[in-house]
*Asks:* 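Structure in structure tokens, see below.
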Amino acid sequence: MPNRQDYDAQSSKHSEQSFFRFNRVAKVPLGVDDDDSYLDMSDETANLKPRQQHWANKMQFVLACIGYSVGLGNVWRFPYMCYKSGGGVFLVPYCIILFICSIPLLFMELSVGQYTGRGPIGALGQLCPLFKGAGLASVVVSFLMSTYYSVIIGYSIYYFFTSFKTEMPWIDCNNRWNTPDCWVPQRKEMNASAPDTSRTPSEEFFENKVLQISGGLEYPGMMRWELFACLICAWLMVYFATWKSIKSSAKVRYFTATFPFVLIIILMVRAVTLDGAAEGLRFFFRPKWSELKNANVWINAASQNFNSLGITFGSMISFASYNKYNNNILRDTVAVSAVNMITSLLVGIFAFSTLGNLALEQNTNVRDVIGDGPGMIFVVYPQAMAKMPYAQLWAVMFFFMLLCLGLNSQFAIVEVVVTSIQDGFPRWIKRHLGYHEIVVLFVCVISCLFGMPNIIQGGIYYFQLMDHYAASVTIMFLAFCQMIAIAWFYGTGRLSKNVKQMTGKAPSFYFRSCWLVLGPCLLFAIWVLSLINYHEPTYHNGRYTYPDWAYGIGWMFASFSLICIPGYAVINFLRSGGDTFWERIRNTLRPNIYECKICGEHHCEHDFPEQEQFMLTQELATVYKPTNPHLLHLGQKSGYNAMQASPAHAEAGAPSGCPLNS
């Protein structure tokens with residue numbers, strides 16, 4: 001066995017070599033204590049590295065995803081899109097797109113976010129720099145959505161406080177805003193007959209009292225100051241729930257993600273017992289197959305899939321970027337997808353059962369009982385609350401639930417915008433804004449200002465126009481570009497290897513085939529169908545047709561996001577090195593993933609220099625024994641600097657190019 005002196009000499013040499021190796025990587029001058037000033041990294045390197053901040057526990061991430069899934073995308077948007085698209089026929093493309101595109105794309109986004117530890121701009125910029133604009137486009141769409149999703153929260157606040165009145169104003173036709181077309185079944189007892197164009201009290205309350213709706217987009221009208229106050233309250237709640245990033249919003253979700261789910265089940269059970277509910281459910285589940293050739297049905301189904309799951313908006317990439325490296329991605333994908341499908345089904349049953357009851361009372365069919373505008377839930381759901389025992393209590397609980405759902409969705413949208421701005425433009429943020437709270441405030445104020453047109457008297461027309469073009473028409477193209485960038489150019493093989501590194505198991509053939517062939521082909525086919533058979537949006541079952549210049553505004557909203565993809569591709573192409581055109585293309589398609597200079601891995605214990613220095617300090621303190629005490633006059637800590645060894649020994653063990661203390 002080797003003697004103690006040989007062992008100490010080997011340990012000393014090993015420690016000194018480790019120290020020189022770290023010195024070469026981290027550029028920490030010899031003889032200097034662990035000062036933070038020497039541990040700062042350049043913005044470019046730091047932007048490629050996985051983030052250090054993580055969810056406090058697994059439940060916070062799951063609740064964040066479920067909170068987005070059981071959010072406005074389902075409770076508000078699903079019945080609105082389904083009713084607008086003709087009922088049961090909507091479910092056919094919805095299910096096809098769900099299993100071929102949405103679930104595989106959700107798995108892809110969670111994998112990319114967790115592996116890169118970055119938001120959509122940073123993640124796509126690392127995997128395929130040529131398509132970095134697709135990440136920026138998803139952030140632009142999220143920003144546009146934040147401007148009108150907050151309006152839904154404002155409506156919810158308005159209804160919430162109105163529900164505290166002794167008599168809820170949407171249950172009868174005896175109010176100053178009601179018209180002769182208002183009809184309630186109680187009038188049959190007075191031998192009155194329903195008008196040909198009968199309307200429910202809840203519909204007249206929403207349009208005539210809440211919105212004070214004008215005749216069209218060309219008649220903007222005045223600002224609705226009550227809604228303005230509600231909108232400001234909504235943004236204040238969003239800001240103070242997200243200003244500390246996931247630390248603050250994650251805690252709020254413990255309540256906002258669970259309470260709505262329980263209440264939805266209770267309300268659904270009550271709705272199916274109403275008279276006429278069977279007719280509404282028949283409209284919901286029985287498709288008219290001839291409507292499948294309508295391109296808008298497929299476009300609405302695709303946009304609803306992506307909205308409810310939060311994919312192609314950057315939300316899931318941002319959420320997953322806060323995950324730990326070895327988190328089980330498949331389990332999260334299955335859980336979020338299952339909750340999303342169940343919630344959509346429950347909300348659909350609840351909404352269309354109530355619509356069937358309204359159609360029976362109004363003596364009309366389900367298709368024509370109300371308008372197909374984005375305010376549908378504020379017509380259907382209040383009417384359902386009026387049929388509940390203790391109606392006032394249920395109304396208060398329901399609109400509080402709707403407020404929670406809106407906050408859940410808005411948390412995700414604001415988080416992806418803030419995270420992406422910080423990841424994509426770190427130098428500008430440090431120079432001009434500095435603190436995270438200032439970035440969140442900046443995003444909230446700008447979004448609030450852009451949302452102002454939605455709360456004027458003609459704002460509901462503007463609302464629907466923006467929702468159709470910003471969140472429906474463009475979203476399929478973004479999903480297609482994202483699949484092409486990751487599955488074709490970065491490669492399913494690389495992505496499968498990354499997933500196996502994180503979870504120990506590669507993706508199944510189902511996921512790989514959907515990424516590579518089935519998903520892109522389906523999205524491309526829908527896009528071609530939309531070019532052949534496309535109809536411009538209308539309001540209130542076609543009773544209002546937008547002027548031509550309004551459609552121009554809508555396509556302008558769509559271009560805000562779409563222009564990012566070719567625009568950023570040209571910028572990256574011009575910035576890339578290479579003498580020929582194809583060399584530049586190859587350089588922009590080459591992944592730019594961070595690799596540790598010590599071990600070559602993307603995620604490791606060396607991710608941040610201060611961690612490596614701390615580990616090396618511990619190693620040297622426990623293994624190294626100083627052999628030249630006279631060097632202690634340099635003021636170094638005992639056991640900290642390996643250069644406390646004799647100069648001759650240090651010179652023998654020092655790699656070339658490393659400076660020595662004299």
*Asks:* Quick one about Asn340 and Ser308 (side-chain donor to acceptor, distance below 3.5 Å, no hydrogens or angles considered), yes or no?
*Replies:*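 Short answer, yes.
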*Asks:* Answer yes if the ring centres of Phe557 and Tyr462 are under 6.0 angstrom apart, and no otherwise.
*Replies:* yes
*Asks:* Test Val440 against every option in Val418, Val238, Val417 by the side-chain contact (heavy atoms from CB on, under 4.5 Å) rule and name the one that passes.
*Replies:* Val418
*Asks:* Before you tell me yes or no, could you show the steps for Gln383 and Glu203 under side chain to side chain donor-acceptor pair (under 3.5 Å), namely the whole-Å CA-CA distance, both residues' side-chain angles and the distance that decides it to 0.1 Å?
*Replies:* CA-CA 9 Å; Gln383 201 72 19; Glu203 185 176 10; over 6 Å; no
*Asks:* Using the ring of each side chain (for Trp, its six-membered ring), is Trp527 parallel, tilted or perpendicular to Phe524, with breaks at 30° and 60°?
*Replies:* tilted
*Asks:* Given the ring of Phe350, does Arg270 sit roughly above its face, with NZ or CZ under 6.0 Å from the centre of the six-membered ring and within 45° of the axis?
*Replies:* no
*Asks:* Looking at Tyr381, Phe398, Trp170, which hits ring pair (Phe, Tyr, Trp, His ring centres under 6.0 Å) with Tyr159?
*Replies:* Trp170
*Asks:* Can you confirm whether or not the ring centre of Trp555 sits under 6.0 Å from the ring centre of Tyr551?
*Replies:*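 No; Tyr551 has its ring centre 6.0 Å or more from that of Trp555.
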*Asks:* I'd like to know whether Cys101 forms a disulfide bond (SG atoms under 2.5 Å apart) with Cys514, so could you lay out the CA-CA distance, the side-chain angles of the two residues, the decisive distance to 0.1 Å, and finally the verdict.
*Replies:* CA-CA 7 Å; Cys101 292; Cys514 289; over 6 Å; no
*Asks:* Taking atom NZ of Lys132 and atom CG of Leu124, what is their separation to the nearest 0.5 Å?
*Replies:* 10.0 Å
*Asks:* Students often mix this up, so state it plainly: with edges at 30° and 60°, are the rings of Phe78 and Phe284 parallel, tilted or perpendicular?
*Replies:* perpendicular
*Asks:* Hey, are Glu207 and Gln212 close enough side-chain-wise for a donor-acceptor pair under 3.5 Å?
*Replies:*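 On atom types as modelled, these side chains do not qualify, holding no pair under 3.5 Å.
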*Asks:* When the ring planes of Phe400 and Phe160 are compared, do they come out parallel, tilted or perpendicular, using 30° and 60° as the limits?
*Replies:* tilted
*Asks:* Which distance, rounded to the nearest 0.5 Å, do you find between the CG of Asp548 and the CD1 of Ile553?
*Replies:*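 Reported to 0.5 Å precision, the distance equals 11.5 Å.
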*Asks:* Look at the rings of Phe352 and Tyr83 and say which category their plane angle falls in: under 30° parallel, 30 to 60° tilted, over 60° perpendicular.
*Replies:*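 Taking Tyr83 first and then Phe352, their aromatic rings sit tilted (interplane angle of 30° to 60°).
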